Amino acid sequence: MSSNSNPGTETTATAQSATEEDEYTSPAKALFRGEIIQSALWPFPQLSSEQTETLGMVVESVDRFLADKQDEFREWDQAGAQPEDFIDELRELGLFGLIIPEEYGGIGLSNAGYSRVLQQSSRHDSSASLTIGAHSSIGMKGLLLFGTDAQKRHYLPRLATGELIAAYCLTEPGSGSDAASIQAKAVKDANGDWLLNGEKIWITNGGIADFFTVFARTDSGGGKLSAFIVEREFPGVSIGQKEDKLGIRASSTTTVSFDNVKIPPENLLGEEGKGFKMAMAILNNGRTGLGGGAVGGMKSCIALASKQAVERKQFGHSISEFGLIKQKIAQITVDCFAAESAVWMIGHYIDSGYADYSIEAAISKVFASEAMCRAANEALQIAAGSGYMKELPYERIFRDSRILTIFEGTSEILRLFIALSGIRDAGRLLQELGAAAEDIFNNPIKGFGLMTDYAGRRITNMTSLGQERIVGAVPDELRDDALVFEKYTLEFGRMTDVLLRRHGKTIVDRQFALQRSADVAIDLFVGLCVLSRVSTMADDGIEQYRQAIEIAHMFSQQAKRRINRSLRAMLRNEDESAKALSDFICEAGGYPWDTYG
Ligand SMILES: Cc1cc2nc3c(=O)[nH]c(=O)nc-3n(C[C@H](O)[C@H](O)[C@H](O)COP(=O)(O)OP(=O)(O)OC[C@H]3O[C@@H](n4cnc5c(N)ncnc54)[C@H](O)[C@@H]3O)c2cc1C
């Protein structure tokens, strides 16, 4: 749930290590080069019929189990805990084994399928969803991705039944976003055991977990981070009091402390010294869980808000007849559809073995979590006074949604990561170009080859000649929308070139520009996912197709306006004034202007 403070300057690892070539096929990174990789976006992915059937059964049982528990969820929110009986029922339903392969006793859902289940549970309650999600998305994901066969045989069957519940321990009092700075330390003793000391804070499932994936600095390998499997039963592990929180109150959040905890050598997870990359890889891989949860929350906001809007009468009319209410409901729907399309696409990238999906996963997390926060706010506004009262679920949904842009990487850190990774990728081509210019005499074939590639890209960026066209992949109704994304992808490629030329390596410190760059990438990638999805709906003849076309039009037009604003602000802005004002206020320690005295 933490992320790196210098995102983009470290390679974010993925389950399979990315080869150079793989990196160039990342569709979101390609956008920074002014390219759309159509084959990575069309056709919109679908599950196999076997997965669809299993998923259908799981979704239905989640619904049946959670649908009539609204009163309990409200009580548990106030009490700040879920009762043990409820956790037992989650166990019985198999919800702790969702992504564990069947050979270890799990249900073996794909990443996309898992995300869909969390979507369903989140429609009912975020805390319930988080208890399941923190276990699978991050708590034991390290074991699935990096564990040895022996480790998997030892732990996975008990993790699948929920006999063991898992938690992910990265954050410390002095180390939040800056995950690389953690201080927990593991030292190898003469017998080869590790002695672990340190304190982890705000650990989801801390109070109910028996299996912890813990990150600590090891003394060998230059004090780099390593990951360990630690059992609650190991002497020296202690769990703090549950935290009293704003939202997701029934989900367990505690400190977890390690005082000379002896860890056997076989509980080192993955390679020693590779802990940071593993920590990031787990978060990347787990992002579809959180994304699915956000989409589920939005669907619940849409259901609540539309019912409320029809039933509530003011000025002699249902408030659903008023333009300002219509606007809110339509916007939440567009955001939900867009987030769902992106989250589903990323699930597919992971399931089909893409080596590098880190930017795409970050984009889906930022977009879905922020869209959910807006949806919760607008749904409450539609319900107004009733929404503010604890009797209805709006205020709980509003409080619960607030965590989404904070944990598993804050929106700020992820935006920096998205922009820096994309710009670095584009910049690598420029660097190669520099080297190629020198190389022309030593290795003319390679040198001229690269020069020609680059020249080709410049020509494409300037004229659109040679650009991969997506207009051919969309139905006629979406032609204009496709042209928007083609045009602005080219403009974005040009802008990335300008940024690189203007700032070089110092781009790392240009956070205002990086944020704008990330925002454009988010709009382009999410918009392309929407177009791909709606194109596929046309093939399927789905009845809500016409409305989906309207959603695609709305998203494209809104994205176009946002992108235009961001691109313009790259050149003309108030960044320096904002920095100076912030420095002044921080120095003053507050707002120094009062209207009296
Ligand atoms: C309810 C809850 C559950 C959690 N569960 C877990 C868990 O299970 N496991 C776990 O390990 N952790 C967990 N966390 C921790 C969570 O991941 C961190 O809170 C998160 O990574 C942010 O760290 P921080 O809160 O220390 O914020 P900080 O890192 O102190 O950041 C403060 C602000 O500064 C911004 N910022 C920081 N660095 C930069 C920068 N370089 N440039 C620009 N802006 C920057 C941030 O975006 C943020 O807005 C949980 C937290 C909460 C609240």
Side-chain angles (χ1 to χ4, degrees), residues 1-10 77 80 126-127 129-142 165-184 198-209 211-216 225 227 230 239-240 242-258 275-276 278-280 282-283 286-287 289-290 293 362 365-366 369-370 399-420 508-515 518 578-579 582 586:
M1 300 201 167
S2 284
S3 195
N4 180 18
S5 65
N6 269 329
T9 55
E10 281 267 3
D77 170 66
S126 301
S127 290
S129 219
L130 190 57
T131 302
I132 308 164
H135 168 86
S136 293
S137 298
I138 52 175
M140 52 98 185
K141 183 57 76 67
I165 292 178
Y168 174 89
C169 301
L170 183 62
T171 305
E172 299 180 359
S175 164
S177 301
D178 186 7
S181 71
I182 65 174
Q183 294 302 315
E199 187 190 26
K200 301 291 177 177
I201 59 168
W202 304 332
I203 303 306
T204 305
N205 283 351
I208 56 171
F211 173 105
F212 300 96
T213 301
V214 183
F215 296 88
L225 306 193
V230 179
I239 312 297
K242 67 172 194 233
E243 300 287 350
D244 195 6
K245 315 189 284 288
L246 171 74
I248 49 163
R249 289 177 49 77
S251 145
S252 162
T253 312
T254 67
T255 55
V256 181
S257 306
F258 307 96
F276 182 80
M278 286 160 58
M280 296 303 121
I282 292 168
L283 294 173
R287 293 208 202 287
L290 190 146
K365 196 275 187 177
V366 172
S369 58
E370 293 183 354
R399 286 186 284 106
D400 286 351
S401 69
R402 193 58 191 81
I403 190 61
L404 293 171
T405 59
I406 296 174
F407 65 9
E408 297 193 20
T410 64
S411 283
E412 291 78 16
I413 293 293
L414 290 179
R415 277 197 167 80
L416 297 176
F417 170 72
I418 292 163
L420 283 172
V508 172
D509 301 318
R510 306 275 167 170
Q511 293 202 344
F512 289 72
L514 292 172
Q515 165 154 281
K579 283 189 218 164
S582 170
C586 287

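These numbers come from the heavy atoms of this one structure, side chains and all, not from hydrogens, waters or symmetry mates. In listed order, ligands and their atoms are each counted from 1. The structure presented is a predicted model; accordingly, all values stated were derived computationally and were not measured.
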Check your understanding: Hey, mind stepping through Phe407 and Leu290 against side-chain contact (heavy atoms from CB on, under 4.5 Å) and telling me if it holds?
Key -> CA-CA 10 Å; Phe407 65 9; Leu290 190 146; 3.4 Å; yes
Going by the atom numbers of ligand 1, which of them fall below 4.0 Å from some non-hydrogen atom of [X]?
{"X": "Ile203", "value": "7 (C), 8 (O), 9 (N), 10 (C), 11 (O)"}
{"X": "Leu416", "value": "42 (N), 43 (C)"}
{"X": "Leu170", "value": "11 (O)"}
{"X": "Ile403", "value": "1 (C), 2 (C), 52 (C), 53 (C)"}
{"X": "Ile413", "value": "38 (N), 39 (C), 40 (C)"}

Exercise for review: Return the option from Trp202, Tyr168, Phe212 holding the heavy atom at the smallest distance from atom 6 (C) of ligand 1.
Suggested key: Trp202
Point to revise | The one among Gly176, Ser251, Ser175, Ala279 that brings a heavy atom closest to atom 24 (P) of ligand 1 | key: Gly176
Heteroatom proximity flag, [X] to ligand 1, N/O under 3.5 Å:
{"X": "Thr204", "answer": "yes"}
{"X": "Gly409", "answer": "no"}
{"X": "Thr253", "answer": "no"}
{"X": "Asp178", "answer": "no"}

Exercise for review: For ligand 1, note which part of Glu243 has a heavy atom under 4.0 Å away: side chain, backbone, both or neither.
Suggested key: neither
Main chain of [Y], side chain of [X]: is a donor-acceptor contact present, judged purely on distance under 3.5 Å?
{"X": "Tyr168", "Y": "Thr204", "result": "no"}
{"X": "Lys200", "Y": "Glu172", "result": "no"}
{"X": "Lys365", "Y": "Gly409", "result": "yes"}

Practice item. State which residues pass salt bridge (Lys or Arg N to Asp or Glu O under 4.0 Å) with Glu199; sequence neighbours excluded, sorted by chain then number. Key: none
Practice item. Could you tell me which residues satisfy salt bridge (Lys or Arg N to Asp or Glu O under 4.0 Å) with Asp77, sequence neighbours excluded, listed by chain and number? Key: Arg399
Check your understanding: In this structure, which one of Val256, Thr254, Thr253 forms a side chain to side chain contact (heavy atoms under 4.5 Å, CB included) with Trp202?
Key -> Thr253
Check your understanding: Is it true that Lys200 lies under 4.0 Å from ligand 1, counting heavy atoms only?
Key -> no
**Study point:** Atom pair CZ/SG of Phe258 and Cys169 - distance to nearest 0.5 Å
**Key:** 4.5 Å
Review point. Are any of the side-chain nitrogens in Arg415 or Glu370 under 4.0 Å away from the carboxylate oxygens of its partner?
Key: yes
